[in-house]
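Taking it in order: structure first as structure tokens, then the write-up.
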2 protein chains.
Amino acid sequence: MAVRLADVAKEAGVSQATASRVLNGSKRKPSEEIADRVRSAAERLGYFPNAQAQALARSTAGLVGLIVHDIADPYFSSIARGVQHGLDGTGVQLLLSSTGRDPDVELGAVRSFLSHRTDAILLAGSRGMSGDDELAAALTRYQENGGKVVMIGQPLALAGGIQLDNQGAAAELAQELLKLGHRRFAVLSGDQSLATARDRVSGFVEKLESSGIAPVVVREGAFTRDGGYLEMADLLRSNDLDLESGQVCVFCANDVMALGAMTAIRESGLRVPEDVAVAGFDDIPTLGDLVPSVTTVRLPLEEIGRMAGEFVLADGDDQRRFVVSGHPVLRESTRKV
Amino acid sequence: MAVRLADVAKEAGVSQATASRVLNGSKRKPSEEIADRVRSAAERLGYFPNAQAQALARSTAGLVGLIVHDIADPYFSSIARGVQHGLDGTGVQLLLSSTGRDPDVELGAVRSFLSHRTDAILLAGSRGMSGDDELAAALTRYQENGGKVVMIGQPLALAGGIQLDNQGAAAELAQELLKLGHRRFAVLSGDQSLATARDRVSGFVEKLESSGIAPVVVREGAFTRDGGYLEMADLLRSNDLDLESGQVCVFCANDVMALGAMTAIRESGLRVPEDVAVAGFDDIPTLGDLVPSVTTVRLPLEEIGRMAGEFVLADGDDQRRFVVSGHPVLRESTRKV
DNA sequence: AATAGATGGGAATGCGCTTTCCAAGGTAGT
DNA sequence: ACTACCTTGGAAAGCGCATTCCCATCTATT
């Protein structure tokens with residue numbers, strides 16, 4: 001890249017130091033006349049500061065890293081959008097890594113972020129992280145060096161961030177479904193090594209049990225659309241649900257699972273909600289446009305992302321945790337018949 | 001950040017040059033014994049190269065910038081996922097900017113990418129860019145300085161990239177719908193200042209007209225879910241469709257618009273496809289799980305992103321254009337009754 | 001055995017910028 | 001009028017690394 005600060009300085013007939021002070025928010029403001037000269041020189045030459053060099057000199061990069069499981073998943077893309085908004089206008093850029101939930105890729109991403117000296121790392125979604133994990137170690141070292149780690153969605157011993165009250169919200173949902181008169185439940189739990197899935201399921205099931213009801217069946221599977229589809233199809237094939245005894249309400253640990261499950265239900269010739277009621281979790285954007293519309297727990301995903309984006313810019317030692325709660329949204333898919 | 005290459009070198013008892021050669025893929029490979037010493041020293045100290053400094057010294061950053069209109073839109077998030085995949089294993093990191101289609105934000109993002117000396121800039125989605133645009137100017141300067149510009153989805157005079165044959169695919173869709181027996185069409189065109197929307201609509205309409213059919217009505221609106229919803233609702237209220245004369249097939253310039261439109265249709269008490277048939281464009285992931293399933297044009301979005309991600313790493317002067325075609329997927333929403 | 005050539009390691013320079021630290025000029029206070 | 005202080009611009013020292021020379025040590029050639 002061609003034009004450097006030194007060129008601008010020469011063009012303006014001032015020292016490089018002065019040029020730097022004019023063009024980049026320094027404490028010291030040169031006189032208005034000189035400033036004008038510098039600015040117009042910069043303009044004329046088409047000067048762009050080299051962020052790398054600035055980062056090196058300032059030892060702060062103006063970058064934050066965001067790690068998500070899958071950017072194509074509406075859950076994460078909504079969060080990403082929020083983060084982006086939270087960062088708007090600050091000049092901070094977002095480094096994105098979509099890891100496909102692969103721990104190695106995740107570790108690689110964190111390492112890369114460390115290398116790029118991102119000012120903060122945002123981790124969205126939960127992961128089974130044991131304390132002696134390499135990932136945990138890398139993050140800890142990062143923090144020791146002044147980096148900020150912010151969790152989105154799941155707490156982490158070592159970091160603050162935005163938490164979701166998955167358990168509480170799931171309990172609320174269970175309560176509402178009970179109120180509607182549902183008594184027979186199945187649970188598609190997703191991958192129980194994920195804290196998010198675990199909390200949602202435990203919140204739901206415990207609430208049921210405290211009302212004296214045990215789910216007919218709880219099935220584990222992938223925490224994805226296909227996971228929901230496959231498990232539901234399998235479940236229907238197994239006949240464990242004993243649908244002759246009446247409608248069953250299936251709680252899916254997230255919305256995309258619910259989507260898959262609903263397709264499986266339809267493909268086996270059953271109706272939602274008449275034969276099988278379905279509830280999801282997250283309230284991803286398209287959910288309201290479905291037929292039947294799907295009961296879920298509304299999570300302010302974008303807002304969560306925004307909070308995280310803003311929080312990231314705050315004081316580096318701020319380790320607060322914000323808990324965001326979600327609330328049930330009852331729609332047609334859980335109509336009691 | 002604490003530990004530098006110099007520290008590693010000292011720890012290993014070698015010069016910084018040697019340490020550098022060992023740790024970062026240099027041509028010259030020091031002897032195996034020395035290399036081991038250096039590597040173990042690096043390990044012991046927990047050394048991470050400073051990407052900023054490397055970038056400065058190497059004058060290449062290992063970054064590419066991706067600009068999308070809205071990362072929460074499945075169209076773009078699918079592409080982003082593909083790009084990420086295309087970059088996998090290369091060590092290149094993705095700088096993401098979701099601009100909300102705001103030209104100023106877009107320009108800001110490009111400027112920021114220039115500052116960060118990204119090796120390439122990927123622009124997804126179309127934009128009304130006149131030749132004398134500031135954005136075009138910035139991109140041109142970027143190219144002159146060795147940066148690579150890659151368009152995804154829309155051609156741009158100054159850059160290569162992956163194009164979509166929106167027009168051809170839309171024509172194919174029209175053809176198929178005609179084959180199904182549809183004769184009365186409405187078009188929700190989205191924002192016609194976007195080349196993507198324009199091409200899709202023109203391809204569709206021209207095909208109709210070459211068969212002697214003119215759409216009953218073409219309505220412009222936002223290229224979003226809400227745009228589809230609002231225009232459709234409005235359209236139904238206006239009664240321009242004259243539904244008593246029979247089923248109308250509504251072509252929406254993208255899938256999320258179709259989603260919104262379908263909700264509007266249902267809310268007004270009509271049925272899809274019995275009263276109004278609906279077709280979209282893109283084949284976003286959730287589309288097959290809907291009821292009724294929605295006819296659309298399948299675009300290999302993720303594949304497109306992946307191609308772009310890989311293309312980006314190719315020779316800087318490679319200005320080729322790849323044209324990706326899409327094909328109709330007929331589903332229930334356009335069943336002829 | 002003598003020398004050209006190859007190999008391996010180190011000192012030093014530069015990437016582009018920020019930021020002390022200095023010096024010079026100005027202002028105010030007594 | 002003189003000292004004390006504030007303001008302004010400039011010189012120069014890094015920030016952490018890659019890389020170009022350069023020198024020393026080895027190997028191959030005749």
Side-chain angles (χ1 to χ4, degrees), chain A residues 1-39 41-42 45-63 91 112 114-119 145-146, chain B residues 1-39 41-42 45-63 91 112 114-119 145-146:
Chain A
M1 297 282 179
V3 33
R4 291 151 310 162
L5 185 57
D7 302 326
V8 175
K10 195 174 339 151
E11 171 85 9
V14 301
S15 80
Q16 186 171 324
T18 303
S20 169
R21 288 196 269 253
V22 171
L23 296 176
N24 311 75
S26 164
K27 317 262 169 207
R28 287 182 51 177
K29 298 287 176 195
S31 73
E32 202 40 48
E33 183 223 328
I34 293 228
D36 276 345
R37 270 213 329 261
V38 172
R39 268 190 294 265
L45 268 43
Y47 169 74
F48 278 93
N50 182 324
Q52 322 281 0
Q54 288 185 315
L56 196 55
R58 287 179 174 150
S59 61
T60 165
L63 286 176
S112 178
L114 294 204
S115 269
H116 281 280
R117 301 300 192 262
T118 55
D119 301 327
N145 288 325
Chain B
M1 298 281 180
V3 33
R4 291 150 310 163
L5 185 57
D7 302 326
V8 175
K10 193 172 343 147
E11 172 85 8
V14 300
S15 81
Q16 187 173 320
T18 304
S20 170
R21 290 196 266 254
V22 171
L23 296 176
N24 310 76
S26 165
K27 316 261 169 209
R28 288 182 50 176
K29 298 287 175 195
S31 73
E32 203 39 48
E33 183 221 329
I34 293 229
D36 276 345
R37 258 193 7 238
V38 172
R39 270 191 292 266
L45 268 44
Y47 169 74
F48 278 92
N50 182 323
Q52 323 280 1
Q54 289 186 316
L56 197 55
R58 289 180 173 147
S59 61
T60 166
L63 287 175
S112 179
L114 293 203
S115 270
H116 282 279
R117 300 299 191 263
T118 55
D119 300 326
N145 289 324

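Per chain, numbering begins at 1; letters A, B, ... match sequence-line order.
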Exercise for review: List in numerical order all residues of residues 50-57 of chain A for which some heavy atom is under 4.0 Å away from an atom belonging to DNA chain D.
Suggested key: A:Leu56, A:Ala57
Point to revise | pair B:Val22-B:Arg39: side-chain heavy atoms closer than 4.5 Å | key: yes
Just by modelled atom types, is the [Y] backbone N or O under 3.5 Å from a matching donor or acceptor in the [X] side chain?
X: A:Ser115; Y: B:Pro49; result: yes
X: A:Gln52; Y: B:Ala53; result: no
X: A:Gln54; Y: A:Ala61; result: no

Check your understanding: So what is the end-to-end bend of the helix from C:dA1-D:dT30 to C:dT30-D:dA1, with 5 pairs used at each end and the value given to 10 degrees?
Key -> 30°
Revision key, fill the gap. Applying side chain to side chain donor-acceptor pair (under 3.5 Å) to A:Ser31 and not counting sequence neighbours gives none
Practice item. For B:Thr18, enumerate each residue passing the side chain to side chain donor-acceptor pair (under 3.5 Å) test, keeping only those at least two apart in sequence or located in another chain. Key: B:Ser15
What is the distance, to the nearest angstrom, from the [atom1] atom on [X] to the [atom2] atom on [N]?
X: A:Arg37; N: D:dG9; atom1: CZ; atom2: C1'; answer: 11 Å
X: B:Leu45; N: D:dG16; atom1: CG; atom2: C1'; answer: 15 Å
X: A:Arg58; N: C:dT19; atom1: CZ; atom2: P; answer: 7 Å
X: B:Glu32; N: C:dT7; atom1: CD; atom2: P; answer: 17 Å
X: A:Arg4; N: C:dC15; atom1: CZ; atom2: P; answer: 7 Å
X: A:Asp7; N: C:dC15; atom1: CG; atom2: P; answer: 11 Å
X: B:Leu23; N: D:dT19; atom1: CG; atom2: P; answer: 14 Å
X: B:Leu5; N: C:dG10; atom1: CG; atom2: P; answer: 12 Å

Heavy-atom closest contact ([X] atom, [Y] atom, distance):
X: A:Ala41; Y: A:Val8; answer: CB-O, 3.9 Å
X: A:Tyr47; Y: A:Leu5; answer: CE1-N, 3.4 Å
X: A:Arg37; Y: A:Ala12; answer: NE-O, 3.0 Å

Produce the list of close N/O pairs, under 3.5 Å, pairing protein atoms with atoms of nucleotides 21-25 of chain C; give distances to one decimal.
from	atom 1	to	atom 2	distance (Å)
C:dC21	N4	A:Arg28	NH1	3.4

Review point. Which residues satisfy the salt bridge (Lys or Arg N to Asp or Glu O under 4.0 Å) test with B:Arg58, sequence neighbours excluded?
Key: none
Can you tell me if the side-chain N/O atoms of [X] get under 4.0 Å from OP1 or OP2 in [N]?
X: A:Ser31; N: D:dT7; result: no
X: A:Ser59; N: D:dC15; result: no
X: A:Asn24; N: C:dC17; result: no
X: B:Ser20; N: D:dA18; result: yes

Check your understanding: Does the side-chain contact (heavy atoms from CB on, under 4.5 Å) test come out yes or no for B:Glu11 and B:Asp7, once each step is laid out?
Key -> CA-CA 6 Å; B:Glu11 172 85 8; B:Asp7 302 326; over 6 Å; no
Practice item. Apply side-chain contact (heavy atoms from CB on, under 4.5 Å) to A:Asn145 and B:Val3, showing your working. Key: CA-CA 10 Å; A:Asn145 288 325; B:Val3 33; 5.9 Å; no
